[in-house]
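Here's the structure, in structure tokens; my notes come after.
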2 protein chains.
Amino acid sequence: MSVRADAKRNHDKLLQAAREVFRERGLEAPLDEVARRAGVGAGTLYRHFPTRDDLLNALMQAFIDRLDAAADAAIAVDGSPRERLLSWVRGGVAEVTYSKGAAARLTAALGDDESRIATKAAAFAQASGRVVEALGADLRPGVDGVQLARLVGGLAMVVDQGELDESAFAPLADVLVDGLLAPTVVGS
Amino acid sequence: MSVRADAKRNHDKLLQAAREVFRERGLEAPLDEVARRAGVGAGTLYRHFPTRDDLLNALMQAFIDRLDAAADAAIAVDGSPRERLLSWVRGGVAEVTYSKGAAARLTAALGDDESRIATKAAAFAQASGRVVEALGADLRPGVDGVQLARLVGGLAMVVDQGELDESAFAPLADVLVDGLLAPTVVGS
DNA sequence: ACCTGAACACCGTTCAAGT
DNA sequence: ACCTGAACACCGTTCAAGT
């Protein structure tokens, strides 16, 4: 009612343009490129999304949905606790590194309620928390969703920064997973 | 002989200015601030240090010395393998986060021979490698210096991004350390 | 109420002119 | 051989004028 039709249309065009530009050039891509591709003036972009993170936040719902799906899939893995946890670590890192720079932004926002993407970071922590709950006593005592999200985020930043391939990534994920599992009593 | 006295003096003034500016404002501080504080023209800065990383590389020797000292201290810790490894993880993270943004730059350079700070990243990997060697069979098989440096760098990025305090950092370091140790046989 | 796009600020980088 | 600093390019952000 109170939003003009052209405002709504520009809002959608900006989101679509940002989706493309961020995918092609990463999350630090120039914002005037977004405005240009959306076919609107620079001021219109800033009216709808005052900061880069506001724009990012609006784009991230689909990302959060995929992250939740990865957590669900990990919890449902028919195997050992180790396999379930590894599934989440792999799935989480894969989603968080979907766009270059996303891992650093999300991890930074994990402890920051003032962040414009605070709700998305919280969803990341909650997805991790669901995995923590599902693993129960198989997980190292005292680990919570925020801690798990930070560790996954840290690993994702390493992958993002160093552009690691699977063979370089796998041993790091193994270290993280084994450190997260409760110590097992062998040979008793 | 072939370097003019004013060139040498400008070189030193730039390093001193960069040390101050990077400490105060982080590694992404404006370079013209460095030139201004050194009292030289912008072109002089670019003549001596064509890229930001060249300037950083020249500043990092002292940093590498401290990193080596942290590795030595860790190896010399009079305690369990776990305590020695924890000492390195804590010391390494502390040094790598000395300046904001350093963790990301160093970790990115770990796999990149073309990086202008490649020698410094290699020193980071070598210091980690010395800890790996010192721990021998107490460490998880297959772990090398580059992997350990990546994990320490990842944790350092989490601390850097999220500005974590000791109470938030400690449990993450514990997870990493336990994942890095060889599985122990308990109760056999 | 919202839009446009020129204008300003900031910073990296180059290069003509100077010594 | 090296230095200076004006000039250019790029990009974020604001705002006067328009509809």
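Chain letters run A, B, ... following the sequence lines, proteins first and then strands; every chain starts at 1.
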**Request:** Can you sort out the partners of R84(A) under side chain to side chain donor-acceptor pair (under 3.5 Å), two or more places apart, ordered by chain and number?
**Result:** none
**Prompt:** Which pair of heavy atoms, one from A29(A) and one from F22(A), lies closest together, and at what distance?
**Reply:** CB-CD2, 4.3 Å
**Item:** Each stem that DNA chain C is part of, given as range with range (3 or more consecutive Watson-Crick or G-U pairs, under 3.5 Å)
**Value:** C:4-8 with D:12-16, C:12-16 with D:4-8
**Message:** If the condition is side chain to side chain donor-acceptor pair (under 3.5 Å), which residues does E95(B) pass it with, not counting sequence neighbours?
**Reply:** R66(B)
**Request:** Name all residues meeting the salt bridge (charged side-chain N to carboxylate O under 4.0 Å, His left out) criterion together with E133(B); count only those two or more places apart in sequence or in a different chain, and write none if there are none.
**Result:** none
**Item:** Partner residues of E166(B) under the side chain to side chain donor-acceptor pair (under 3.5 Å) criterion, sequence neighbours left out
**Value:** R90(B)
**Message:** Can you see if the side chain of R47(A) gets near the phosphate of dC2(C) - specifically, an N or O under 4.0 Å from OP1 or OP2?
**Reply:** yes
**Complete:** With sequence neighbours left out, the residues meeting side chain to side chain donor-acceptor pair (under 3.5 Å) with D54(A) are T51(A), R116(A)
**Request:** Any chance you could list the contact pattern along nucleotides 11-17 of chain D? Use B for base contacts, S for sugar-phosphate-only contacts and - for none, protein heavy atoms under 4.0 Å, 5' to 3'.
**Result:** SSBBB--
**Complete:** Quick note, side chain to side chain donor-acceptor pair (under 3.5 Å) partners involving residues 142-158 of chain B, not counting sequence neighbours, are none
**Prompt:** Excluding sequence neighbours, so at least two apart, what forms salt bridge (charged side-chain N to carboxylate O under 4.0 Å, His left out) with D178(B)?
**Reply:** R140(A), R82(B)
**Complete:** Residues of residues 5-23 of chain A with a heavy atom under 4.0 Å from any atom of DNA chain C, listed by number, are D6(A), A7(A), N10(A)
**Message:** Per the side chain to side chain donor-acceptor pair (under 3.5 Å) rule, what does the pair list look like for residues 9-18 of chain B, sequence neighbours excluded?
**Reply:** K8(B)-D12(B), Q16(B)-R19(B), Q16(B)-E20(B)
**Message:** Which residues pass the salt bridge (charged side-chain N to carboxylate O under 4.0 Å, His left out) test with D6(A), not counting sequence neighbours?
**Reply:** R4(A)
